[in-house]
Amino acid sequence: MKTKNLVLMALLVGIGTALYLVMPPVPIGGGIKPDLMLTMMFVGIILFPTVRDTFILSVVTGVLSGLFSSIPGSLIPNIIDKFATGFIFFVVVLLVNKFAKNVVAYGILIGLGTLLSGTVFLSMLLLLVGEMPAAFGIMFVTGVIPATIANIIAFAIIYPILKGLLMRSKFETSVT
């Protein structure tokens, strides 16, 4: 693993964590908030589509997301969610990279990945914790749907900028 790639992944996770911390929870969503950390994990997987890098990004993002979550008992559900979502996203990115490497294709994947992540997280929270601050449907509609929209918009803004910067640098990513 190249140190500069690890540093870029750490920067992505750090930016995602900062965005996650400043994002307010949805008022009627039982404390759930849009997870922009997930967008940065997805960008990292798109840039470095390897099993090792996906594992690192998924575990670190899951732990940080769980530690900073406003929902009680969500550490383990967050880790499971990010791990499962990260590897499913990784496999789909590998398949999509054979046909299309563009913002639109990746934006659709970001949206589907966010929906998957929210579903897995809420399911694990219900299964492991037993009760949630609000009903599953309310948390899905007020937390996951807005997070999906926010993640697609954030990706559409961040990815072209990052891709341009990476093309001018000496990073070896899947997009350059």
Side-chain angles (χ1 to χ4, degrees), residues 6 9-96 106-155 158:
L6 189 58
M9 288 189 293
L11 282 170
L12 289 172
V13 170
I15 292 167
T17 303
L19 291 171
Y20 186 76
L21 288 172
V22 299
M23 185 67 63
V26 179
I28 58 171
I32 196 166
K33 55 180 158 177
D35 191 357
L36 293 176
M37 194 181 307
L38 192 61
T39 304
M40 296 304 160
M41 181 182 87
F42 290 153
V43 169
I45 293 170
I46 290 169
L47 294 176
F48 307 107
T50 65
V51 172
R52 178 188 59 224
D53 294 340
T54 299
F55 177 80
I56 291 168
L57 285 166
S58 298
V59 170
V60 170
T61 303
V63 169
L64 289 173
S65 186
L67 289 174
F68 296 123
S69 178
S70 58
I71 299 175
S74 65
L75 176 64
I76 302 300
N78 263 301
I79 294 170
I80 293 169
D81 153 41
K82 300 303 184 285
F83 190 80
T85 303
F87 276 97
I88 292 170
F89 189 81
F90 166 69
V91 170
V92 174
V93 163
L94 290 180
L95 295 173
V96 167
Y106 290 142
I108 291 168
L109 290 182
I110 297 288
L112 294 174
T114 305
L115 290 173
L116 173 66
S117 175
T119 303
V120 171
F121 171 70
L122 292 176
S123 299
M124 289 295 103
L125 187 65
L126 185 61
L127 181 69
L128 297 174
V129 177
E131 62 181 62
M132 296 192 302
F136 185 96
I138 291 172
M139 290 181 80
F140 189 84
V141 170
T142 62
V144 177
I145 302 297
T148 302
I149 295 166
N151 285 353
I152 292 170
I153 292 169
F155 176 78
I158 292 167

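Residues that satisfy the side chain to side chain contact (heavy atoms under 4.5 Å, CB included) test with Val60, not counting sequence neighbours, are Val13, Ile56, Leu64. For Phe87, the side chain to side chain contact (heavy atoms under 4.5 Å, CB included) partners at least two apart in sequence or on another chain are Val51, Thr54, Phe55, Phe83, Phe90.
Residue Thr148 comes nearest to Gly111 through the heavy atom pair CG2-O, 3.6 Å, listed as atom of the first residue, atom of the second, then distance. Pairing each heavy atom of Met9 with each of Asp53, the nearest pair is CE-OD1, 3.6 Å. When all heavy atoms of Pro49 and Val93 are compared, the pair lying nearest together is CB-CG1, 4.5 Å. In terms of heavy-atom proximity, Leu36 sits nearest to Met23 at CD1-CE, 3.3 Å. Ile152 and Gly107 make their closest contact through CG1-O, 3.8 Å (heavy atoms, listed as atom of the first residue, atom of the second, distance). Considering all non-hydrogen atoms of both residues, Gly73 and Val129 come closest at O-CG2, 3.2 Å.
Listed by first then second residue, pairs satisfying side chain to side chain donor-acceptor pair (under 3.5 Å) with a partner in residues 108-117 read Asp81-Ser117, Thr114-Asn151, not counting sequence neighbours. Residue pairs that meet the side chain to side chain donor-acceptor pair (under 3.5 Å) test with at least one member in residues 11-21, sequence neighbours left out, do not exist here. For residues 86-95, there are no salt bridge (Lys or Arg N to Asp or Glu O under 4.0 Å) pairs, not counting sequence neighbours. Listed by first and then second residue, the salt bridge (Lys or Arg N to Asp or Glu O under 4.0 Å) pairs involving residues 38-47 amount to none (not counting sequence neighbours).
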### Task
With side chain to side chain contact (heavy atoms under 4.5 Å, CB included) as the test, would you mind laying out the steps for Phe136 and Leu125 before giving the verdict?
CA-CA 10 Å; Phe136 185 96; Leu125 187 65; over 6 Å; no
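Contact check for Phe42 versus Thr85: side-chain heavy atoms found under the 4.5 Å cut-off. Side-chain contact between Val59 and Lys82 is absent, with no heavy atoms from C-beta onward closer than 4.5 Å. At least one side-chain heavy atom of Leu47 sits less than 4.5 Å from a side-chain heavy atom of Leu12. Proximity of Leu112 to Leu116: side-chain heavy atoms (C-beta onward) are nowhere separated by under 4.5 Å.
Distance check, rounded to the nearest 0.5 Å: CD1 of Ile79 to OG of Ser58 gives 11.5 Å. Taking CG of Leu75 as the reference point, atom CG of Leu128 lies at 11.0 Å (rounded to 0.5 Å). Rounding to the nearest 0.5 Å gives a distance of 6.5 Å between CE of Met37 and CG of Leu21. We find the CD1-CZ distance between Ile71 and Phe121 to be 4.0 Å, quoted to the nearest 0.5 Å. Taking CG from Leu122 and CG from Leu127, the interatomic distance works out to 12.5 Å, rounded to the nearest 0.5 Å. The CD1 atom of Ile110 sits 11.5 Å away from the CG atom of Leu115 when rounded to the nearest 0.5 Å.
Judged by distance alone, the side chain of Ser74 and the main-chain N or O of Pro77 form no donor-acceptor pair under 3.5 Å.
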